[in-house]
Amino acid sequence: MGGGVIRAIGLSCVLLAALGSQASAAVCVVPKYRTLANQTVQGNMFVASGKRCGVVSLITAGPTFGPRVLQQPAHGRVSIEGRRVVYISRPGYVGEDSFVFARDGLDTLNKPRTNTIEMHVQVSERL
């Protein structure tokens, strides 16, 4: 049991160090996530209040069309800038927020697919 506790603590320290090094120079952190055709997946975003934070889709199996917003956040707004989905909170807002967006496309057999992402946002004074 003792070895498991030490490993878990070591992992926590590595994650904190990685986030700490990104946070000092960034106002936005979006951990990688995978989308699934015709399913909704969860994503996470960490952003400083009033700062812009964008998400860009990476390579997919088939062609992907521009993203579209399905649900705007309650404490900010989301805009589409080309292939980017950009979130910004109301200035001064600190807390949780969320929005939903989708990317439509074709799979490798040219059948329509939709990848839907429910993005959970943690807005803080600074990262």
Side-chain angles (χ1 to χ4, degrees):
M1 180 169 138
V5 172
I6 292 171
R7 274 185 252 129
I9 291 171
L11 179 59
S12 295
C13 291
V14 170
L15 291 175
L16 289 174
L19 290 175
S21 65
Q22 289 178 350
S24 63
V27 295
C28 169
V29 176
V30 182
K32 290 182 182 179
Y33 59 90
R34 290 182 175 249
T35 58
L36 301 171
N38 301 316
Q39 295 184 26
T40 300
V41 298
Q42 307 291 313
N44 292 299
M45 177 181 283
F46 304 89
V47 62
S49 182
K51 302 297 183 182
R52 296 166 41 93
C53 190
V55 179
V56 178
S57 66
L58 299 175
I59 299 170
T60 60
T64 301
F65 309 113
R68 58 191 167 94
V69 178
L70 302 178
Q71 178 184 338
Q72 284 285 340
H75 305 286
R77 64 182 161 80
V78 172
S79 60
I80 304 297
E81 298 176 6
R83 296 180 57 106
R84 290 176 53 111
V85 177
V86 179
Y87 169 85
I88 186 167
S89 71
R90 284 192 328 257
Y93 175 75
V94 173
E96 295 181 4
D97 208 354
S98 64
F99 62 93
V100 180
F101 69 99
R103 295 186 189 281
D104 298 313
L106 301 174
D107 66 13
T108 55
L109 301 174
N110 285 329
K111 291 184 180 179
R113 66 169 165 74
T114 299
N115 297 6
T116 305
I117 299 89
E118 184 177 298
M119 190 63 72
H120 296 276
V121 184
Q122 183 61 50
V123 182
S124 58
E125 288 183 27
R126 63 182 183 279
L127 291 184

Can a donor-acceptor pair be found, under 3.5 Å and without considering hydrogens, that links the side chain of Asp97 to the backbone of Val121?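 No: the side chain of Asp97 does not pair with the backbone of Val121.
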Kindly give the heavy-atom pair with the smallest separation between [X] and [Y], and that separation in Å.
| X | Y | result |
| --- | --- | --- |
| Pro73 | Val78 | CD-CG2, 3.5 Å |
| Cys28 | Gly54 | SG-N, 4.1 Å |
| Gly50 | Ser89 | N-OG, 2.8 Å |
| Ala102 | Leu70 | CB-CD1, 3.8 Å |

Flag the pair Met119 / Tyr87 as yes when at least one side-chain heavy-atom distance between them is below 4.5 Å, and no otherwise.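 No, too far: nothing below the 4.5 Å cut-off.
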Could you tell me if the side chain of Ile80 sits less than 4.5 Å from the side chain of Val85, heavy atoms only?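 A side-chain contact exists here, since the closest heavy-atom pair is under 4.5 Å.
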According to a 4.5 Å side-chain heavy-atom criterion applied to Ile, Leu, Val, Met, Phe, Trp and Tyr, with indirect links allowed, do Phe101 and Val41 form part of one hydrophobic cluster?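 Linked within one cluster.
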Applying a strict under-4.5 Å side-chain criterion to I, L, V, M, F, W and Y, I'd like to know whether Val123 and Val86 cluster together.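 No, separate clusters.
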Got a sec: does the CD of Gln42 have more than 12 other heavy atoms crowding it under 6.0 Å?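 Counting neighbours around CD of Gln42, more than 12 heavy atoms of other residues, nucleotides or ligands fall under 6.0 Å, so yes.
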CZ (Arg77) with more than 12 external heavy atoms under 6.0 Å: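 Count not over threshold, so no.
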Rounded at 0.5 Å granularity, tell me how far [atom1] in [X] sits from [atom2] in [Y].
| X | Y | atom1 | atom2 | answer |
| --- | --- | --- | --- | --- |
| Arg90 | Ser49 | CZ | OG | 9.0 Å |
| Arg103 | Arg113 | CZ | CZ | 10.0 Å |
| Glu81 | Arg52 | CD | CZ | 4.0 Å |
| Thr40 | Asn115 | OG1 | CG | 9.5 Å |
| Gln122 | Glu96 | CD | CD | 5.0 Å |
| Asp104 | Thr116 | CG | OG1 | 8.0 Å |

For Val55 and Met45, run side-chain contact (heavy atoms from CB on, under 4.5 Å): C-alpha distance rounded to whole Å, both residues' side-chain angles, the deciding distance at 0.1 Å, then the answer. CA-CA 9 Å; Val55 179; Met45 177 181 283; 3.5 Å; yes
Do Cys53 and Val30 pass the side-chain contact (heavy atoms from CB on, under 4.5 Å) test, and can you show the C-alpha distance, the side-chain angles, and the key distance before you say yes or no? CA-CA 8 Å; Cys53 190; Val30 182; 3.7 Å; yes
For side-chain contact (heavy atoms from CB on, under 4.5 Å), just list the numbers for Val69 and Val100, CA-CA rounded to whole Å, side-chain angles, deciding distance to a tenth of an Å, and then say yes or no. CA-CA 6 Å; Val69 178; Val100 180; over 6 Å; no
Does the pair His120 and Glu118 meet the rule for a side-chain hydrogen bond (donor to acceptor under 3.5 Å, both in side chains), with working shown? CA-CA 6 Å; His120 296 276; Glu118 184 177 298; 3.1 Å; yes
Worked check of side-chain contact (heavy atoms from CB on, under 4.5 Å) between Phe99 and Ile117: CA-CA 8 Å; Phe99 62 93; Ile117 299 89; over 6 Å; no
